[in-house]
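Start at 1 with the first residue, then count along the sequence.
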Amino acid sequence: MDSDGKEARRKRRVEERQAAEEHELIEQAEKALRLYTLDAEQLLERASDETEFLIEKALPAGMVSFLTGPPGQFKSWLAYDAMLAVLHERDWLDFKCNKRRGRVFAISLDNPAKEFGRMMKVLGLKAEDKRNFRSHVLGASDELPDGFPSALRLPDHHDEIMMVIDYFKPDLIMIDSFRQSHTMNEMSHQDMDRIIQCLRDMTARNAAVLVIHHPPKPSREPNAPEIHTLSGAGSLDAGADVTIFVNKGKILWKKTRGWTGKEGKKGDERDQARTFK
């Protein structure tokens with residue numbers, strides 16, 4: 001076999017391999033284009049002129065909401081009551097629940113199962129609610145297999161939490177408290193950006209995420225104004241869709257990103273209509 005013939009076949013094989021690689025790259029690019037981008041028509045089809053609320057004018061679906069306020073303002077009780085309102089299809093304070101027998105998932109790390117169970121019993125949780133209620137609490141299982149953590153925290157156990165959410169498909173995910181829910185540095189913008197992204201992942205199925213947090217320590221100066229920001233890096237305030245501030249029997253919506261319509265705008269204040277004991 002002459003050397004010219006061998007060289008021609010070698011060049012042909014190289015060209016065929018290059019053509020195959022280029023074709024594969026084109027296919028990958030076209031697949032990425034279909035999966036990760038929207039054209040103008042698709043984008044406009046998804047546009048919404050009205051906010052979808054889980055609890056009307058109080059808690060939007062598919063968004064991350066923070067409930068904050070000084071200690072002793074019943075933040076946990078208010079959040080738990082919102083959860084039971086979705087579960088039982090009843091009003092929360094003076095707001096109407098839009099979900100019929102919604103599913104709720106509580107990530108409660110501030111209280112062990114015994115105390116959390118007592119609080120939920122006071123609020124009206126029933127054994128027959130088991131189909132639509134799930135909670136991750138400390139002490140949920142008496143014995144855990146070796147290698148299983150005692151608590152699921154972000155971002156370390158993001159995949160495990162998302163598996164639960166994808167399987168259970170809750171309408172509301174309640175987290176109590178933010179500080180106990182993660183293992184990162186709250187003063188780090190980079191760390192908090194990562195946690196916000198984890199919370200946003202939880203809304204993928206249009207769930208409302210309600211997180212209990214606290215504001216920075218108040219000033220000791222006399223007549224100092226109330227602090228309506230979230231404790232930690234500023235990326236927390238920037239990343240939240242909704243910030244609800246509770247103090248002295250009042251609930252104030254300080255941030256309502258993406259809300260549309262005449263109601264639910266920034267500064268919409270309502271009296272606390274429910275008393276907890």
Side-chain angles (χ1 to χ4, degrees), residues 52-69 71-142 151-152 161 164-165 167-178 180-181 202-203 205-214 242 244-253 270-277:
E52 180 182 352
F53 286 94
L54 182 61
I55 298 178
E56 192 67 27
K57 308 306 179 187
L59 192 62
M63 295 188 188
V64 177
S65 300
F66 278 83
L67 179 64
T68 185
Q73 300 302 313
F74 303 108
K75 295 188 297 292
S76 292
W77 286 99
L78 284 166
Y80 298 166
D81 192 52
M83 193 166 58
L84 267 292
V86 173
L87 184 66
H88 293 154
E89 193 195 359
R90 62 165 172 78
D91 290 350
W92 179 60
L93 306 180
D94 60 337
F95 303 103
K96 178 184 177 182
C97 181
N98 289 336
K99 190 69 180 181
R100 186 172 182 83
R101 295 293 294 173
R103 289 189 168 195
V104 299
F105 176 41
I107 302 176
S108 179
L109 299 174
D110 262 17
N111 296 296
K114 186 175 182 179
E115 173 61 13
F116 182 60
R118 181 193 71 81
M119 297 172 75
M120 297 303 293
K121 184 177 181 180
V122 169
L123 288 170
L125 183 68
K126 305 295 183 183
E128 53 266 31
D129 292 327
K130 63 182 181 180
R131 291 186 61 186
N132 293 324
F133 176 89
R134 280 285 173 176
S135 180
H136 169 56
V137 291
L138 297 174
S141 176
D142 294 330
L152 299 180
I161 293 173
V164 172
I165 292 171
Y167 181 81
F168 186 56
K169 299 178 179 60
D171 300 291
L172 172 61
I173 301 164
M174 192 281 301
I175 299 175
D176 184 17
S177 64
F178 179 73
Q180 296 295 334
S181 70
M202 295 181 186
T203 69
R205 294 185 177 273
N206 207 36
V209 174
L210 179 61
V211 186
I212 301 174
H213 196 23
H214 58 86
V242 177
I244 308 169
F245 186 79
V246 182
N247 194 22
K248 299 177 182 179
K250 297 283 187 179
I251 305 180
L252 183 65
W253 276 255
R270 294 172 183 264
D271 291 335
Q272 180 175 319
R274 185 176 294 274
T275 301
F276 298 100
K277 295 181 180 180

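Remark: Val137 engages Ser108, Ala113, Phe116, Ser135, Ala140 in a side-chain contact (heavy atoms from CB on, under 4.5 Å) (not counting sequence neighbours). Checked against side-chain contact (heavy atoms from CB on, under 4.5 Å), Glu89 has the following partners two or more places apart in sequence or in another chain: Arg100. Take His213 and apply the ring-ring contact (aromatic ring centres under 6.0 Å, His included) test, not counting sequence neighbours, and it matches Phe178. Listed by chain and number, the residues in a side-chain contact (heavy atoms from CB on, under 4.5 Å) with Asp110 are Asp176, Ser177, Gln180 (sequence neighbours excluded). For Asp171, the salt bridge (charged side-chain N to carboxylate O under 4.0 Å, His left out) criterion is met by Lys99, not counting sequence neighbours. Remark: His214 pairs with Arg179, Ser231 by the side-chain contact (heavy atoms from CB on, under 4.5 Å) rule, at least two apart or across chains.
Salt-bridge formation is detected for the pair Arg90/Asp81: a Lys NZ or Arg NE/NH1/NH2 atom is positioned less than 4.0 Å from an Asp or Glu carboxylate oxygen.
Nearest approach of Lys248 to Gln73, heavy atoms of both residues: N-OE1, 2.8 Å. Minimum interatomic distance between Leu54 and Ala208 (heavy atoms only, all atoms of both residues): CD2-CB, 3.8 Å.
Between Leu93 and Leu78, the closest side-chain pair of non-hydrogen atoms falls below 4.5 Å. A 4.5 Å side-chain heavy-atom check between Glu115 and Met119 finds at least one atom pair inside the cut-off. The closest side-chain heavy-atom distance from Trp77 to Leu123 is below 4.5 Å. The shortest distance between side-chain heavy atoms of Ser65 and Leu59 falls below 4.5 Å. With a 4.5 Å cut-off on side-chain heavy atoms, Ile175 and Val209 count as touching. Residues Lys96 and Ile55 are not in side-chain contact: their nearest non-hydrogen atoms beyond the backbone lie 4.5 Å or more apart. With contacts defined as side-chain heavy-atom distances shorter than 4.5 Å, the pair Val242/Val64 does not qualify. In this structure, the side chains of Leu125 and Leu84 come closer than 4.5 Å at one or more pairs of heavy atoms.
Rounding to the nearest 0.5 Å places CG of Asn132 at 12.5 Å from CG of Leu172. Rounded to the nearest 0.5 angstrom, Ile161 CD1 and Ile173 CD1 are separated by 9.5 Å. To the nearest 0.5 angstrom, Asn206 atom CG is 4.5 Å from Glu52 atom CD. Between atom OH of residue Tyr80 and atom CG of residue Leu210 there is a gap of 10.5 Å, rounded to the nearest 0.5 Å. Distance CZ/Phe74 to CG/Leu67: 13.0 Å, rounded to 0.5 Å. Put simply, OG1 on Thr68 and CZ on Phe245 are 6.5 Å apart, with the number rounded to the nearest 0.5 Å.
Taking the ring axis of Phe133 as reference, the NZ or CZ atom of Arg103 does not stay both within 45° of it and closer than 6.0 Å to the ring centre.
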Trace of the side chain to side chain contact (heavy atoms under 4.5 Å, CB included) decision for Met83 with Phe105: CA-CA 8 Å; Met83 193 166 58; Phe105 176 41; over 6 Å; no
Worked verdict on His136 versus Leu109 for side chain to side chain contact (heavy atoms under 4.5 Å, CB included): CA-CA 8 Å; His136 169 56; Leu109 299 174; 3.9 Å; yes
Pair Trp253-Phe95, ring-ring contact (aromatic ring centres under 6.0 Å, His included): steps then yes or no: CA-CA 13 Å; Trp253 276 255; Phe95 303 103; 5.4 Å; yes
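Remark: of the listed residues Ile212, Ile251, Leu252, Ile251 is the sole one forming a side-chain contact (heavy atoms from CB on, under 4.5 Å) with Ile244.
Screening residues 124-141 for salt bridge (Lys or Arg N to Asp or Glu O under 4.0 Å), with sequence neighbours left out, gives Arg101-Asp129.
Counting only distance, with no hydrogens or angles, the side chain of Lys75 and the backbone of Gly69 share a donor-acceptor pair below 3.5 Å.
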